[in-house]
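Below, all heavy atoms of this structure are taken into account, side chains as well, without hydrogens, waters or symmetry copies. Given the structure is predicted, the values throughout are model-derived calculations rather than measurements. Chain letters run A, B, ... following the sequence lines, proteins first, then strands; residues in each count from 1.
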Amino acid sequence: MNKNINNIQQKIIETINGPIIVIAGAGSGKTRVITYRIAHMIKNIKIHPKNILALTFTNKAAKEMQKRISLMIPKKDLQKITIGTFHAIFSSILRKEAYRLGFTSEYTIYDRQDSENVIKKILKDINIETKLNVKDIRNRISEYKNNLFLPSKKNEFFSKIYQLYNQRCFHSNSLDFDDILLYTNQLFSYFPNVLKKYQNQFQYILVDEYQDTNLSQNFIIKNLSYPSNNLFVVGDDAQSIYSFRGANISNILNFHNEYPHAKIFRLEQNYRSTNVIVQASNAIISFNTNQIIKNIWTRNEKGEKINIYGAISDIEEAKYIASSIVSLKKEKRMNYKDFAILYRVNSQSKLIEYALKERNIPYKIYGNISFENRKETRDLLSYFRIVINPNDEEALYRILKNQIGYKKTLNTLFSFFQQKKTENKNIYNIIKHIDIYHEFKKIKQNTRNKLKKIFLNVEKIHKEVNNKDAYQIAKNIIDFFCNENQFYNKKVIDFQYLIENINYYVNNQNKMIPKGDPSLSGFLQHFYLKEYNDQNNLINNSKHENNEVSLMTIHLSKGLEFSIVFISGLEENLFPSKSNLNDPSKIEEERRLFYVALTRAQKIARLTYAKNRFIWGKKRKTKPSRFINEINKKFLKTKNIPSFKTKSLKYYKYHTYEKNNINFEKGNQVFHESFGLGIILDIQKNQQIVTVYFKKFGKKKILLNLNKLKIYT
DNA sequence: TTTGCCCGTCTTTTT
DNA sequence: GACGGGCAAA
């Protein structure tokens with residue numbers, strides 16, 4: 001037995017036949033268990049790696065898992081395991097099977113902006129006034145898809161739009177993110193033989209972060225793992241932070257109902273963090289009423305108390321973080337890679353980036369790479385897309401919009417194309433013979449020639465798609481594109497970046513897990529599912545050999561750990577987010593997010609906020625986050641909190657308890673003579689009654705003077 | 001048909 | 001403060 005593995009972990013690793021559910025607290029060695037288990041299955045049980053499917057929710061988590069497994073098994077085995085995000089895995093499967101549903105394997109993946117543009121066009125077409133905005137409609141469609149609701153037969157307004165949206169995507173041979181899961185489900189239910197094929201292939205299924213599955217994903221897992229049910233899921237309800245993506249906490253809470261014979265394991269010992277961090281985060285999460293009670297404990301050292309810094313402004317906050325890194329690095333003899341800076345929204349990274357640059361601190365920003373949303377990049381990608389998939393309306397529209405400025409003409413032309421397309425006419429042919437259609441008479445000869453030239457070229461490149469790899473095709477397109485559009489020559493640096501990524505993608509196929517598809521359509525999938533942006537091949541970063549401070553949103557940080565963690569922007573309206581303030585269940589999710597953030601830290605956690613922040617170009621006064629007050633003062637370096645001396649003191653008092661209660665505090669794990677183990681949710685004003693949530697008996701009010709309650713350690 | 005200016009909206013979070 | 005849509009002037 002490995003000495004890094006405790007008894008429960010060992011038991012989990014060796015229990016091969018499912019269904020199995022592991023409730024794993026933060027830092028309890030969850031990823032270690034999954035990766036060791038996979039290695040054990042392959043090395044000792046001799047399960048063929050191609051029979052293993054490991055699913056995650058973010059690319060970052062997938063990469064982390066691959067990295068850790070690679071240390072234990074031969075590379076040739078690792079490459080045979082199917083490991084990745086739900087979207088990546090099932091998008092690849094759909095590429096092979098989607099023809100059964102009427103799509104081709106060259107289908108485009110529509111991102112958020114594409115989806116919103118489709119909805120805008122629909123609203124314009126049907127010409128109905130609506131109070132719903134495009135974003136709301138898109139979110140609702142997404143919600144419906146994640147819950148496997150199809151448009152209802154009733155002629156209700158939303159259903160109509162939903163239906164039109166699906167039709168348009170279908171005619172464009174395009175799938176949005178949610179479609180990837182939805183159509184996978186349709187594929188499996190309409191084509192039992194196809195399902196059977198994948199059931200046979202994936203005999204062992206592992207799902208990480210199971211608390212984040214939505215109904216659509218859960219259905220896929222359920223179908224695939226039937227009938228052997230060799231399903232292994234790991235999750236922590238306290239770290240459920242993706243409800244906006246349809247994640248449904250009841251999947252984890254009801255697992256046992258779904259699979260009555262499931263084996264249940266719990267991992268509660270934290271190996272990651274100091275005692276201070278473990279206890280402080282336990283206390284924070286206990287403010288949530290909706291949770292599985294766990295007793296997360298650690299044998300680790302007590303550790304430093306948590307430091308809170310209230311900066312005058314967001315700029316100063318960033319500077320404080322940068323200078324702290326410089327001094328902590330020296331003081332604690334740390335490397336840059338031991339530091340992480342976490343934030344609630346991506347836009348916070350900008351100022352932090354400036355501050356780090358100022359002090360020459362190497363850093364790496366994860367997620368949301370700005371170049372991918374730049375106009376020029378999207379323009380170029382439209383050409384890629386239309387070369388691969390001539391039916392891609394959004395890409396076509398974008399190209400035409402750039403070539404034909406005048407909107408009215410553009411719209412007439414575009415609806416003409418749509419009409420022809422439903423008649424199954426090839427878009428390349430229509431534009432090549434642009435002069436014979438009277439619909440085009442209004443367009444200047446000059447513009448017509450330009451269009452003809454573009455589409456002749458696009459068609460030429462299209463014919464080579466199957467013989468050349470993504471790099472060769474992309475180079476052709478870029479050469480043509482830059483020649484025809486003088487303006488873009490100045491933006492070549494963006495294209496350079498994209499082409500470098502394509503080059504890397506094509507030439508490192510044997511490093512990819514699972515092995516990718518070197519065609520341009522393979523690259524487009526890779527790009528749109530954002531698999532590329534976690535890679536370490538970014539040109540400007542190579543010189544630091546990965547010894548860099550990590551910057552990312554808290555969402556992306558889940559599953560990771562760092563010696564020293566900065567959590568920035570702890571302000572009301574930012575964290576918790578403004579849009580979640582009115583819904584108690586959403587506040588609980590924000591709190592879980594804070595819990596995730598804090599539990600990333602191994603040794604030191606520093607929290608920061610700014611008293612003034614630029615929002616939409618205006619400086620605004622802010623209030624410190626309620627979460628700061630939920631950390632018990634005994635875990636804080638209170639002396640170092642300048643903000644507490646300011647006007648906002650009143651605000652802080654609200655949550656602070658009187659000191660005369662000797663033993664009991666919110667978040668304490670307690671033991672009651674009759675009710676057993678529980679956690680203190682609340683203490684009444686007179687300090688004589690506490691509300692405790694008991695594992696077995698639920699919420700109870702306990703009179704303290706009966707002395708039946710003890711602190712459980 | 002083109003250009004430029006005003007105005008409203010946007011900041012969650014990821015695939 | 002950035003960006004896109006809408007509208008009016010050129």
Problem set entry | Sub-6.0 Å ring centroid separation between F384(A) and F527(A) | no

For this session: Return the set of residues passing ring pair (Phe, Tyr, Trp, His ring centres under 6.0 Å) with F614(A) (not counting sequence neighbours), or none when no residue passes.
Result: none

Exercise. Which residues satisfy the ring pair (Phe, Tyr, Trp, His ring centres under 6.0 Å) test with F339(A), sequence neighbours excluded?
Worked result: none

Problem set entry | Parallel, tilted or perpendicular: rings of F627(A) and F575(A) (30°, 60°) | perpendicular

Would you indicate what [X] reaches in the nucleic acid, counting non-hydrogen atoms under 4.0 angstrom: base, sugar-phosphate, or nothing?
X: N580(A); value: base
X: S577(A); value: base
X: F614(A); value: nothing
X: F575(A); value: nothing

Exercise. Considering only side-chain heavy atoms of K401(A), which listed nucleotide, dT15(B), dG5(C), dC10(B), is closest?
Worked result: dG5(C)

Exercise. K124(A) side chain: which of dT13(B), dG1(C), dG6(C) is closest?
Worked result: dG6(C)

Seminar exercise, completed: The residue, W616(A) or Q113(A), whose nearest nucleotide of DNA chain C is more 5′ is W616(A)

Problem set entry | Ring-on-base stacking dT13(B) with F244(A) (under 5.5 Å, under 30°) | yes

